[in-house]
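Excluded from the calculations below are hydrogen atoms, water molecules and symmetry mates; all remaining heavy atoms, backbone and side chain alike, are included. These numbers were taken from a predicted model, which means no experiment stands behind them.
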Amino acid sequence: IYLSNLLIEMYSKCGNLEVAREVFHSIREPNVFSWNILLAAYVRHGRLDEARRVFDKMPERDSVSWNAMTSAYAQKGHMQAARSIFEMMPRKSIVSWNAMIQAYIQRGDLEEAKVLFDKMTERDAVSWTVMMQAYAQRGQLQEAREFFDNMPKPDVISWTAMVVAYAQAGHLREAEELFRKMPDRDVVAWNAMLAGFVTNGHMKQAREVFEKMEKRSLVSWNTMISGYGRSGDLENAVLLFEEMVERDGVTWTAMIQGYALNGHLDQALKLFQEMDLEGVVPDEATFSITFTSILTACSHAGEVPKGCKFFVEFQEDRCLQPTIDHYHGMIDVYGRGGKLQEAEDLVESMPFPPE
RNA sequence: CUCUGGCUAUUG
């Protein structure tokens, strides 16, 4: 049962909801964990109705089940429903409070989030960190820092989030200083510092950090490639790209974008095709993003025929449904290429309401 | 073994 539970989770996290369901149904006596994993799977995929059905059908629920439902409603913007689930819970854990606070923050209601935070009798690093981030994202860096300083036991994530907050606000000095004081820096923390230099245009310093890293992840490499591309240093971008032993969809998109940004549409498109030749199969969500970047590359270059070609291929060769973003990209291709009639026709024929 | 918070690519 323990192994089956792991299986359900694995499949649901790879986007294989159907298989996850099958595994669940093959268990003779699912326990609370099995039910919760299935519930979480539906929530992750945004299937609120199915999640609700599972929740109602569960023989017993623990606080994990209730928390998952709270997040499910919150994620769909149904705050009143989320809140009433929260109120109905037999026993609230710290996670229940954290999830509810995070829900309000996502809806932009920092005031209500703060009310809940103040009501908590016990808080953990997550409680403090989500509040800290909320203030930082609203531009209240000093407030954010107060949460950080008042936090009894900040963990690696709290530290990293604060570094990111400074870096994104352009306060690299503070970011660096905090980073240096950080007790246990993991790869994500290093990557965050790296990205701080990159997004502020300091590739030289970024490179130093990159070289100094004891352990690097795919994200480290991707960050550097993207940064070199943005700063016009295609040579270094390509060097790193070729040096990589393992690449993911982000790597390819970053490199493609690097070419596109620097006026090499031909190379960008070539790389896109090379992805196929190399047998790279990113998941659909990732590929969708790569494809969006191809369309905007074509539109910026005024390449109507090429944009059309890829747009058609996307549907016919790969049998994928264009998303609203893809239509947007394709409409731009036509619009910027002076094909206003075609752009209008596409707007009218797309299966989305035009904004 | 399941629920909440941190790093990279696209559009906005």
Side-chain angles (χ1 to χ4, degrees), chain A residues 1-10 12 31-41 43-44 61-72 74 93-103 105-106 124-134 136 154-165 167-168 186-196 198-199 217-227 229-230 247-258 260-261 282 285-297 299 323-329 332 355:
Chain A
I1 174 109
Y2 167 91
L3 287 177
S4 306
N5 286 349
L6 279 180
L7 255 189
I8 307 177
E9 209 206 339
M10 247 195 56
S12 86
N31 60 15
V32 207
F33 288 96
S34 329
W35 283 96
N36 283 340
I37 294 167
L38 185 67
L39 176 59
V43 175
R44 243 194 311 277
R61 304 170 188 84
D62 60 10
S63 108
V64 172
S65 337
W66 288 88
N67 297 342
M69 277 317 287
T70 304
S71 304
S93 67
I94 295 194
V95 174
S96 320
W97 288 84
N98 291 345
M100 197 65 231
I101 288 175
Q102 176 64 15
I105 289 172
Q106 272 165 0
D124 63 6
V126 177
S127 329
W128 288 91
T129 305
V130 295
M131 290 302 295
M132 181 196 91
Q133 278 186 122
D155 61 14
V156 209
I157 297 187
S158 323
W159 281 88
T160 307
M162 194 66 228
V163 168
V164 169
Q168 282 176 350
D186 62 6
V187 204
V188 176
W190 280 90
N191 287 340
M193 193 64 245
L194 190 65
V198 166
T199 62
S217 66
L218 262 179
V219 173
S220 329
W221 291 81
N222 293 344
T223 304
M224 291 301 291
I225 288 174
S226 164
R230 263 200 284 268
R247 305 173 184 135
D248 66 4
V250 175
T251 317
W252 288 87
T253 312
M255 196 60 238
I256 287 170
Q257 183 71 0
L261 281 178
T286 301
F287 183 73
S288 165
I289 290 176
T290 310
F291 185 62
T292 305
S293 74
I294 287 296
L295 288 179
T296 56
S299 93
T323 66
I324 181 83
D325 286 337
H326 300 146
Y327 277 101
H328 187 126
D332 250 26
E355 319 93 47

What residues, two or more places apart in sequence or in another chain, satisfy side-chain hydrogen bond (donor to acceptor under 3.5 Å, both in side chains) together with Asn31(A)?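 Expected list: Asn5(A), Ser34(A).
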Hey, are Thr223(A) and Asn191(A) close enough side-chain-wise for a donor-acceptor pair under 3.5 Å?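 No donor-acceptor contact under 3.5 Å links the two side chains.
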Between the side chains of Asn67(A) and Ser96(A), is a donor N or O closer than 3.5 angstrom to an acceptor N or O? yes
When rounded to the nearest 0.5 angstrom, what distance separates OG1 in Thr160(A) from CG in Asp186(A)?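 Between Thr160(A) OG1 and Asp186(A) CG, I get 5.5 Å after rounding to 0.5 Å.
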Point-to-point distance, once rounded to the nearest 0.5 Å, from OG1 of Thr129(A) to CH2 of Trp159(A): 12.0 Å
Classify [X] by what it touches in the nucleic acid, base, sugar-phosphate, or nothing, heavy-atom distance under 4.0 Å.
X: Asp332(A); answer: nothing
X: Asp124(A); answer: nothing
X: Val130(A); answer: sugar-phosphate
X: Val198(A); answer: nothing
X: Arg230(A); answer: sugar-phosphate
X: Thr160(A); answer: base
X: Thr129(A); answer: base
X: Ser158(A); answer: base
X: Ala103(A); answer: nothing

Taking salt bridge (charged side-chain N to carboxylate O under 4.0 Å, His left out) as the test, write out the residues that go with Asp332(A), two or more places apart. Arg336(A)
Reading RNA chain B from 5' to 3', where do the contacts with chain A start and stop? Cut-off is 4.0 Å to heavy atoms.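 Result: C1(B) to U11(B).
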